Amino acid sequence: MPIEEAMRTQRAIRRLKSDPVDDALVLHLLELAMKAPTGSNAQNWEFVVVKDREVVAKLGGLNRRALKFGGPIYKRVVVRNMTEQMLRIEKAVQFQADHFDEIPVVVVACLKGVIPLWPSMAVSSSYGSIFPAVQNLLLAARAAGLGAALITLPLWSKFLARRALGLPWNVTPCAVIPLGWPIGKYGPTTRRPVGEFISLDRYGNRAFR
């Protein structure tokens with residue numbers, strides 16, 4: 001699939017079949033993910049491929065707990081006027097939570113090494129070494145016809161996530177990517193005109209409208 005087509009049709013796919021995904025395909029996707037750049041070419045990433053039903057269920061429990069307590073707050077603070085599109089997203093998020101334990105493969109992207117709390121530049125630099133790889137993984141999954149989404153709800157407690165995954169203290173989980181064959185199909189995404197988000201030389205100078 002041409003890279004532009006993958007980008008134009010990529011979306012968060014949360015409704016996944018429980019059908020198995022071949023290990024060779026998962027490893028191929030992760031190999032493509034790790035073609036991404038990292039700071040100083042440190043390659044300080046770690047990926048945990050979770051297939052064990054007990055471990056997937058632990059992540060699912062963390063996901064549901066975060067949704068149970070955080071969902072109402074999100075609705076009150078962020079989504080004051082629920083649009084039809086937001087309602088569809090909410091249903092998809094709930095479906096994923098309800099069926100999390102059935103997801104065939106869950107990839108947890110991690111960083112090896114201590115992520116500093118300060119200065120902010122160091123924090124940004126650290127995460128800048130993992131999220132390009134995560135985006136590569138999402139695009140590779142799209143090109144392969146797999147459904148995927150970047151989620152962070154299962155990581156609301158780094159301590160509990162580490163314990164579920166058997167991670168040492170110096171390996172930090174950063175993103176969770178459920179993988180599986182999609183229920184439904186992909187389609188082009190809808191975005192507002194690019195000129196509405198681009199400023200020229202200084203913020204607010206919408207020269208490309």
Side-chain angles (χ1 to χ4, degrees), residues 12-14 16 18 20-21 23 25-27 29-74 93-138 140-141 146-180:
I13 300 294
R14 295 181 174 88
L16 303 174
S18 60
V21 180
D23 287 347
L25 176 56
V26 175
L27 291 175
L29 300 182
L30 288 170
E31 181 184 9
L32 293 174
M34 287 184 276
K35 296 297 183 183
T38 58
S40 303
N41 196 31
Q43 302 181 50
N44 55 330
W45 40 45
E46 289 282 343
F47 292 91
V48 182
V49 178
V50 183
K51 298 175 64 179
D52 184 283
R53 292 299 94 197
E54 184 178 343
V55 182
V56 172
K58 288 179 180 179
L59 294 176
L62 289 171
N63 187 85
R64 286 186 290 273
R65 202 181 311 177
L67 190 61
K68 178 181 178 181
F69 292 104
I73 297 173
Y74 175 79
V93 169
Q94 188 63 56
F95 180 94
Q96 184 180 60
D98 293 340
H99 297 271
F100 200 102
D101 299 7
E102 303 163 22
I103 296 171
V105 180
V106 179
V107 176
V108 183
C110 309
L111 276 175
K112 184 186 294 183
V114 177
I115 298 177
L117 299 177
W118 185 89
S120 58
M121 180 184 69
V123 181
S124 300
S125 297
S126 296
Y127 287 110
S129 286
I130 189 64
F131 282 111
V134 172
Q135 176 65 353
N136 267 18
L137 176 58
L138 294 171
L146 280 171
L150 189 168
I151 65 173
T152 54
L153 284 177
L155 305 181
W156 65 270
S157 168
K158 291 289 198 298
F159 171 77
L160 293 177
R162 279 193 175 98
R163 191 166 70 175
L165 296 164
L167 296 175
W169 68 270
N170 65 333
V171 175
T172 301
C174 301
V176 177
I177 304 96
L179 287 174

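This structure is a prediction, so every number in the text was calculated from the model and none was measured.
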Taking only residues two or more places apart in sequence, or in another chain, which ones meet K158 in a salt bridge (Lys or Arg N to Asp or Glu O under 4.0 Å)? none
Looking just at side-chain N and O atoms, do S157 and R162 make a donor-acceptor pair shorter than 3.5 Å? no
Is there a side-chain contact between V114 and W169, using heavy atoms and a 4.5 Å cut-off? yes
Using side-chain heavy atoms (C-beta onward) and a distance below 4.5 Å, is V108 in contact with L167? no
Sub-4.5 Å side-chain heavy-atom contact between F131 and L111: no
Gap between atom CG of L32 and atom CG of L27 - 0.5 Å precision: 11.0 Å
Is a side-chain donor or acceptor of N63 paired with a backbone partner of L153 at a separation under 3.5 angstrom? no
Taking all non-hydrogen atoms of both residues into account, name the closest pair between A149 and A12 and its distance. CB-CB, 3.9 Å
Distance-only, no hydrogens or angles: does the T38 side chain make a donor-acceptor pair with backbone N or O of Q43 under 3.5 Å? yes
CD1/I177 to CG/L146 distance, rounded to the nearest 0.5 angstrom? 13.0 Å
In a table with atom names and distances, give each donor-acceptor pair under 3.5 Å that connects a side chain of residues 95-105 to protein atoms at least two apart or in another chain.
unit_1, atom_1, unit_2, atom_2, d
D98, OD1, Q94, NE2, 2.9
H99, ND1, E102, OE1, 3.3
H99, ND1, E102, OE2, 3.3
D101, OD1, R64, NH1, 3.3
D101, OD1, R64, NH2, 3.4

Is the shortest side-chain heavy-atom distance between K51 and D23 below 4.5 Å? yes
Sub-3.5 Å donor-acceptor pair from the side chain of W156 to the main-chain atoms of L62, do we have one? yes
